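Taking it in order: structure first as structure tokens, then the write-up.
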Amino acid sequence: MISFECDYNNGAHPLVLQHLMENNGVRPTPYGFDEFSDRAKDLIRNACEMPDAQIFFLTGGTQANATVIASILRQHEGVVCVESGHINGHEAGAIESTGHKVIALPGDDGKMKAEVLEKYLHDFVNDATHTHMVFPGLVYITFPTEFGTLYSAKELEEIQQVCQRYDIPLYVDGARLGYGLTAEGCDITLPFLARHCDAFYIGGTKVGALCGEAVVFTRQNAHNHFFTVQKQHGAVIAKGALIGLQFEALFTDNLYFKIARHAIDMAARMKQIFLQRGYKLYTDSPTNQQFVVIDNDEVKQLCPKVEFSLWGQADEHSTICRFVTSWATTDEDLRILEDILDGKHP
């Protein structure tokens, strides 16, 4: 069975595995204080054009979000995101488990609008009873969004300006960052992103690594004892070089962006496969996530032949189905999908 279920059910890119194998006999300093992690951090700083950025390696996205957010927020503060934000809907209350409320605002195609954020913050500050409320202490967005949509440079800049007016840091969840930055029509670069937020993470788990995310604090603004906060959250692994080695490989010779672009090319072809057969899209995503509206009866027929995710009901007769490409998607995968849709595959 072919799989378009997600972008993290593959192994690792062959060059990442090769780098791990070539250095398997080395005995590096534990907990990420090793030469490979140091080199990987320098490569990331260069890619971000942020020579003073502070970088920490964690194993997964939920772990990164929970640790970073807890390190930034004070006891009486919460984090602001859109209703569809990953921390609000798909992280099992990880943020709330650290004692911080997720403050959800209405979104637009998965995106936070600067004017909505501005109104919420203005109303909060001017509410005479706000001392009885959870204070907004951080703004969280994802790039790309849960719906595969992208912020423009102008939209990101506007959100940052609102955050600066209210002296609230901006944090960007980049689980699929590579797929967003290489998408058609994206006018945001990695250096631009780094300049327009206070912290973000570069997703490796979904973009060519076995596991691992690189958290970047852009302005020497990490918690003074962030490593200890990591440790407290179970977010430090003894074999820290495992992640450093992978990011060293991913950020050598532009590999991270090359393999991300491959997924985008595959997704564009997959989108045409569906459109040419009369399917409708739920959103017009330029990223590796494609959301297709499919008749409920056909969904039942497809499920035994191809793996994909059910993303909710479009209406009483049809379902929103998510098909995801990755760095590992092949021409053969797409050919088989065509045959399945055309009824030529057993």
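Please read these numbers as outputs of a predicted model, since none were measured by experiment.
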Exercise for review: Spell out, as yes or no, whether a donor-acceptor pair under 3.5 Å connects the side chain of Arg39 to the backbone of Leu245.
Suggested key: no
Check your understanding: Between Asp315 (side chain) and Ser318 (backbone), is there a donor-acceptor pair under 3.5 Å?
Key -> yes
Review point. Between the side chains of Glu248 and His19, is a donor N or O closer than 3.5 angstrom to an acceptor N or O?
Key: yes
Check your understanding: Does the pair Glu332/Arg335 count as a salt bridge with the N-to-O cut at 4.0 Å?
Key -> yes
Point to revise | Co-membership, hydrophobic cluster, residues Leu310 and Met270, 4.5 Å side-chain | key: yes
**Study point:** Ring geometry between His76 and Phe135 (parallel below 30°, tilted from 30 to 60°, perpendicular above 60°)
**Key:** perpendicular
Exercise for review: Could you tell me whether the side chain of His130 and the main chain of Asp127 form a donor-acceptor pair under 3.5 Å?
Suggested key: yes
Check your understanding: Is Ile95 close to Val79 at the side-chain level, that is, under 4.5 Å between some pair of heavy atoms?
Key -> yes
Review point. Is there a donor in the side chain of Ser285 and an acceptor in the side chain of Thr287, or the other way round, less than 3.5 Å apart?
Key: yes
Review point. In terms of heavy-atom contacts, does CD of Glu115 have more than 12 from other residues, nucleotides or ligands at under 6.0 Å?
Key: yes
Study note, to complete from the structure: Taking every heavy atom of Cys186 against every heavy atom of Phe143, the minimum-distance pair comes out as SG-CZ, 3.8 Å
Review point. Do Val80 and Tyr151 belong together in a cluster built from hydrophobic side chains that touch within less than 4.5 Å?
Key: yes
**Study point:** Derivation and outcome, ring-ring contact (aromatic ring centres under 6.0 Å, His included), residues Phe274 and Phe323
**Key:** CA-CA 11 Å; Phe274 281 108; Phe323 292 78; 4.8 Å; yes
Review point. Taking the six-membered ring for Trp, are Phe56 and Phe227 ring centroids under 6.0 Å apart?
Key: no
**Study point:** Mutual orientation of the aromatic rings belonging to Tyr282 and Phe147 [parallel < 30°, tilted 30-60°, perpendicular > 60°]
**Key:** tilted
Exercise for review: Classify the side-chain pair Tyr279/Glu298 by whether it contains a donor and acceptor separated by less than 3.5 Å.
Suggested key: yes
Check your understanding: Hey, is Asp42 close enough to Arg45 for a salt bridge, meaning N to O under 4.0 Å?
Key -> yes
Check your understanding: Can we say Asp265 and Arg261 salt-bridge, meaning some charged N sits less than 4.0 Å from an Asp/Glu carboxylate O?
Key -> yes
**Study point:** Phe124 with Met112, same ILVMFWY side-chain cluster at under 4.5 Å
**Key:** yes
Check your understanding: Have Gln18 and Glu22 got a donor and an acceptor in their side chains that come within less than 3.5 Å?
Key -> yes
**Study point:** More than 12 heavy atoms from other groups under 6.0 Å of CD on Glu184
**Key:** no
Point to revise | CD-CG distance between Gln290 and Leu275, expressed to the nearest 0.5 angstrom | key: 8.5 Å
Point to revise | Exercise: identify the closest heavy-atom pair between Leu138 and Pro169 | key: CD1-O, 3.3 Å
Point to revise | Ile87 with Val139, same ILVMFWY side-chain cluster at under 4.5 Å | key: no
**Study point:** Over all atoms of both residues, closest heavy-atom pair of Arg277 and Glu338
**Key:** NH2-OE2, 3.5 Å
Exercise for review: Examine the side chains of Asn65 and Glu91 and answer whether a donor and an acceptor come within less than 3.5 Å of each other.
Suggested key: yes
Check your understanding: Which pair of heavy atoms, one from Ala104 and one from Asn88, lies closest together, and at what distance?
Key -> CB-ND2, 3.7 Å
Exercise for review: Enter the distance from Ile259:CD1 to Leu250:CG here, rounded to the nearest 0.5 Å.
Suggested key: 5.5 Å
Exercise for review: Verify the cluster assignment for Leu190 and Val207: are they in a single hydrophobic cluster under the rule of side-chain heavy atoms below 4.5 Å apart?
Suggested key: yes
Practice item. In plain terms, say whether Asp123 and Lys119 are close enough for a salt bridge, that is, a side-chain N and a carboxylate O under 4.0 Å apart. Key: yes
Check your understanding: Would you call Ser37 and Tyr31 a side-chain contact if the rule is heavy atoms closer than 4.5 Å?
Key -> no
**Study point:** Nearest-0.5 Å distance that lies between atom OH in Tyr201 and atom CD in Gln63
**Key:** 10.5 Å
**Study point:** salt_bridge(Asp253, Lys258) N-O dist < 4.0 Å
**Key:** no
Point to revise | Lys/Arg-Asp/Glu bridge criterion (N-O < 4.0 Å) met for Glu155, Lys113 | key: yes
Exercise for review: Could you verify whether a donor N or O on one side chain and an acceptor N or O on the other, from Tyr179 and Gln289, lie under 3.5 Å apart?
Suggested key: no
Review point. Do Asp187 and Lys154 meet the salt-bridge criterion of a basic N to acidic O distance under 4.0 Å?
Key: no
Practice item. Over all heavy atoms of both residues, which pair between Pro28 and Val26 is shortest? Give the atoms and the distance, please. Key: CD-O, 3.1 Å
Practice item. Can you measure from CD1 (Ile168) to SG (Cys163) and round to the nearest 0.5 angstrom? Key: 6.5 Å
**Study point:** Flag for His86-Glu146: side-chain donor and acceptor within less than 3.5 Å
**Key:** yes
Check your understanding: Do the ring planes of Phe217 and Phe226 sit parallel (below 30°), tilted (30 to 60°) or perpendicular (above 60°)?
Key -> perpendicular
**Study point:** Enclosure of Arg74 CZ (heavy-atom neighbours >12, cutoff 6.0 Å)
**Key:** no
**Study point:** Thr149 side chain to Asp109 side chain, donor-acceptor N/O pair below 3.5 angstrom
**Key:** no
Review point. CG/Asn23 to CG/Leu242 distance, rounded to the nearest 0.5 angstrom?
Key: 12.0 Å
Point to revise | Any donor-acceptor N/O pair, Asp173 side chain to Ile141 backbone, under 3.5 Å | key: no
Review point. Mind checking whether Phe308 and Phe4 have ring centres under 6.0 Å apart?
Key: no
Practice item. Take the angle between the ring planes of Trp327 and His13 and call it parallel below 30°, perpendicular above 60°, tilted in between. Key: tilted
Check your understanding: Does a side-chain heavy-atom distance below 4.5 Å link Ile103 with Cys81?
Key -> no
Revision key, fill the gap. Looking only at heavy atoms, the pair that brings Ser326 and Asn10 closest together is OG-ND2, 3.0 Å
**Study point:** Atom CE of Met1: over 12 foreign heavy atoms under 6.0 Å
**Key:** yes
**Study point:** Glu77/Lys101 salt bridge by N-O under 4.0 Å criterion
**Key:** no
Review point. Do side-chain atoms of His233 reach the backbone of Val229 as a donor and acceptor pair under 3.5 angstrom?
Key: yes
Exercise for review: For Gln230 and Ala235, indicate whether the former's side chain and the latter's backbone hold a donor-acceptor pair under 3.5 Å.
Suggested key: yes
**Study point:** Test applied, side-chain contact (heavy atoms from CB on, under 4.5 Å); reference residue, Phe57; option that passes from Ile44, Val215, Val236
**Key:** Ile44
Point to revise | Spacing of His262 atom NE2 and Thr325 atom OG1 [to the nearest 0.5 Å] | key: 7.5 Å
Review point. Does the side chain of Asp198 pick up a donor-acceptor pair with the side chain of Tyr171 at under 3.5 Å?
Key: no
Exercise for review: Classify the side-chain pair Thr319/Gln313 by whether it contains a donor and acceptor separated by less than 3.5 Å.
Suggested key: yes
